[in-house]
There are 2 protein chains.
Amino acid sequence: MANSETLDRTFAACSHPIRRGILERLAAGTLSVGQATGDFGVSKPAISRHLRILEEAGAIVRVVDGRTHLLSLPDRDPGLDDAYGWMTRQRAMWERKLDVIEDVLTEQRAAARKEQP
Amino acid sequence: MANSETLDRTFAACSHPIRRGILERLAAGTLSVGQATGDFGVSKPAISRHLRILEEAGAIVRVVDGRTHLLSLPDRDPGLDDAYGWMTRQRAMWERKLDVIEDVLTEQRAAARKEQP
DNA sequence: CTCACTGTTAGCCATCGGGTTAACAATACC
DNA sequence: GGTATTGTTAACCCGATGGCTAACAGTGAG
């Protein structure tokens with residue numbers, strides 16, 4: 001079962017363009033902070049805080065290597081899995097709802113054809 | 001291309017348990033505000049603000065019918081589609097990254113077997 | 001040792017999120 | 001008309017977000 005607080009943090013982590021950008025770049029592999037966040041046009045402290053939010057959400061992993069911090073996506077991110085699963089279920093129910101509407105429309109058309117052959 | 005602000009609002013809309021709960025209930029069909037939010041244990045103004053956030057994100061549609069407001073999911077929610085698409089792409093790249101790691105490991109194992117037959 | 005580089009922490013400020021109570025608007029009902 | 005019901009708006013509180021500059025810590029390189 002998806003933990004609510006985990007979902008909260010994961011969705012919140014994805015709700016800022018800079019944080020999404022960081023995750024997108026890290027999908028290619030491990031990067032230093034500078035490589036992952038070089039040209040977002042904000043100060044380094046701002047970047048540092050975004051990284052902290054991502055890290056606390058479990059969306060990234062940090063390994064300190066000398067003076068550089070190496071960032072990467074975790075092997076498995078339960079938060080992202082849960083968030084993706086929630087969206088999938090939500091869309092499934094939504095599709096089902098549309099199916100019901102479709103059925104109603106089909107039925108109505110059939111009835112109309114019956115009345116006016 | 002997914003609009004960044006739309007993604008921001010959609011992910012933010014999904015980042016609160018009450019708002020997710022509302023969306024889950026509305027997946028079953030149209031409900032009044034009271035029906036959709038009856039027992040979340042917060043005051044009515046709090047609910048009203050959650051609804052406004054969902055509405056501004058395009059995640060719900062409101063039709064005023066007398067003194068009750070009827071809520072439903074929109075026929076198509078581009079925001080949710082975009083957010084789902086973003087997560088899908090992100091996971092795809094992540095899977096590909098893991099595939100690469102898997103390839104490397106397989107290759108290493110093959111090399112190891114060659115050295116020690 | 002000194003200097004440059006990478007990144008974080010500290011302190012400040014403005015805005016937003018989420019909650020409350022109190023008051024209001026609009027509709028339904030008697 | 002008077003009253004209950006549904007839901008929003010207004011005003012406020014407090015903590016979190018998001019940004020900045022300045023200062024610091026640690027490491028690499030001359």
Side-chain angles (χ1 to χ4, degrees), chain A residues 4-26 29-73 79 83, chain B residues 4-26 29-73 79 83:
Chain A
S4 179
E5 289 180 21
T6 302
L7 275 181
D8 295 355
R9 277 198 295 269
T10 301
F11 278 124
C14 293
S15 72
H16 194 287
I18 289 183
R19 291 195 291 263
R20 284 197 304 275
I22 293 171
L23 293 178
E24 287 168 8
R25 297 190 187 181
L26 290 181
T30 299
L31 296 174
S32 72
V33 172
Q35 292 169 333
T37 69
D39 48 355
F40 283 124
V42 295
S43 64
K44 290 192 292 181
I47 292 292
S48 193
R49 299 193 54 169
H50 285 302
L51 292 178
R52 203 168 67 88
I53 291 174
L54 286 169
E55 203 173 4
E56 286 178 352
I60 67 172
V61 171
R62 179 197 312 249
V63 175
V64 178
D65 173 34
R67 68 179 161 181
T68 73
H69 294 209
L70 295 177
L71 309 176
S72 56
L73 301 183
Chain B
S4 180
E5 289 181 21
T6 302
L7 275 180
D8 295 355
R9 277 197 295 269
T10 301
F11 279 123
C14 294
S15 73
H16 194 286
I18 288 183
R19 292 195 290 263
R20 286 197 304 275
I22 293 171
L23 293 179
E24 287 167 8
R25 295 190 188 181
L26 289 181
T30 298
L31 295 173
S32 72
V33 171
Q35 292 170 333
T37 69
D39 47 356
F40 283 123
V42 295
S43 63
K44 290 192 293 180
I47 292 293
S48 193
R49 299 191 52 164
H50 285 303
L51 292 179
R52 203 168 68 90
I53 291 174
L54 287 169
E55 203 173 4
E56 287 178 352
I60 66 172
V61 171
R62 179 197 312 249
V63 175
V64 178
D65 174 34
R67 68 179 163 182
T68 73
H69 294 209
L70 295 177
L71 309 176
S72 56
L73 301 183

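On a predicted model such as this, the values are computed, not experimentally measured, just so you know. Letters A, B, ... mirror the listed sequences (proteins, then strands); counts begin at 1.
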Self-check item: Minimum-distance nucleotide (side-chain atoms of Ile53(B) versus dG7(D), dT8(C), dG18(C))
Solution: dG18(C)
Quiz item: Which one, dT21(D), dT21(C), dG7(D), comes nearest to the side chain of Ser32(B)?
Solution: dG7(D)
Exercise. Measure from CG on Leu31(B) to C1' on dG7(D) and round the result to the nearest Å.
Key: 16 Å
Quiz item: OP1, OP2 of dT9(D) versus side-chain N and O of Arg52(B): anything below 4.0 Å?
Solution: no
Practice problem: Pick base, sugar-phosphate or nothing for Ile47(A), based on heavy-atom distances below 4.0 Å to the nucleic acid. | Solution: nothing
Self-check item: Proximal nucleotide (of dT6(C), dG7(D), dG19(D)) relative to the His50(A) side chain
Solution: dG19(D)
Exercise. Assign each of Thr68(B) and Val42(A) to its nearest nucleotide of DNA chain D by heavy atoms, then name whichever residue's nucleotide is nearer the 5' end.
Key: Thr68(B)
Self-check item: Minimum-distance nucleotide to Pro45(B) side chain [options: dA22(D), dT9(D), dG19(D)]
Solution: dT9(D)
Practice problem: For residues Gly79(B) and Thr10(B), report the shortest heavy-atom separation together with the two atoms involved. | Solution: CA-OG1, 3.3 Å
Practice problem: Please work out if Arg49(B) contacts a base, only the sugar-phosphate, or nothing of the nucleic acid, heavy-atom cut-off 4.0 Å. | Solution: base
Exercise. Pick base, sugar-phosphate or nothing for Ala46(A), based on heavy-atom distances below 4.0 Å to the nucleic acid.
Key: sugar-phosphate
Quiz item: If you measure from SG on Cys14(B) to CZ on Arg9(B), what distance do you get to the nearest 0.5 Å?
Solution: 13.0 Å
Quiz item: Ser43(B) side chain N/O closer than 4.0 Å to the phosphate oxygens (OP1, OP2) of dG19(C)?
Solution: no
Exercise. For the pair Glu24(B) and Arg20(B), find out whether any cationic side-chain nitrogen is under 4.0 Å from an anionic carboxylate oxygen.
Key: no
Quiz item: Of all the choices, dT8(D), dT8(C), dG19(C), which nucleotide is nearest to the side chain of His16(B) once you look at every atom?
Solution: dG19(C)
Exercise. Look at the side chain of Arg19(B) and the backbone N and O of His50(B), then say whether any donor-acceptor pair between them is shorter than 3.5 Å.
Key: no
Quiz prompt | Length of the CZ-P vector between Arg62(A) and dT8(C), whole Å | solution = 5 Å
Quiz item: When the distance from NZ of Lys44(A) to P of dT21(D) is rounded to whole Å, what number comes out?
Solution: 12 Å
Exercise. May I have the distance from His69(B) (atom NE2) to dA25(C) (atom P), rounded to whole angstrom?
Key: 14 Å
Quiz item: What integer distance in Å separates Glu5(A):CD from dA16(D):C1'?
Solution: 15 Å
Practice problem: Mind calculating the distance between CD (Glu55(A)) and P (dT9(C)) to the nearest angstrom? | Solution: 10 Å
Quiz prompt | Whole-Å gap separating P (dG18(C)) and CZ (Phe11(A)) | solution = 14 Å
Quiz prompt | Check: Pro45(B) main-chain N/O paired with Ser48(B) side-chain donor or acceptor under 3.5 Å | solution = no
Self-check item: Nearest-angstrom distance from the residue atom CG of Leu51(A) to C1' of dT6(C)
Solution: 12 Å
Exercise. With the side chain of Arg67(A) defined as its heavy atoms from C-beta on, choose the nearest nucleotide among dT6(C), dG19(C), dG7(C).
Key: dT6(C)
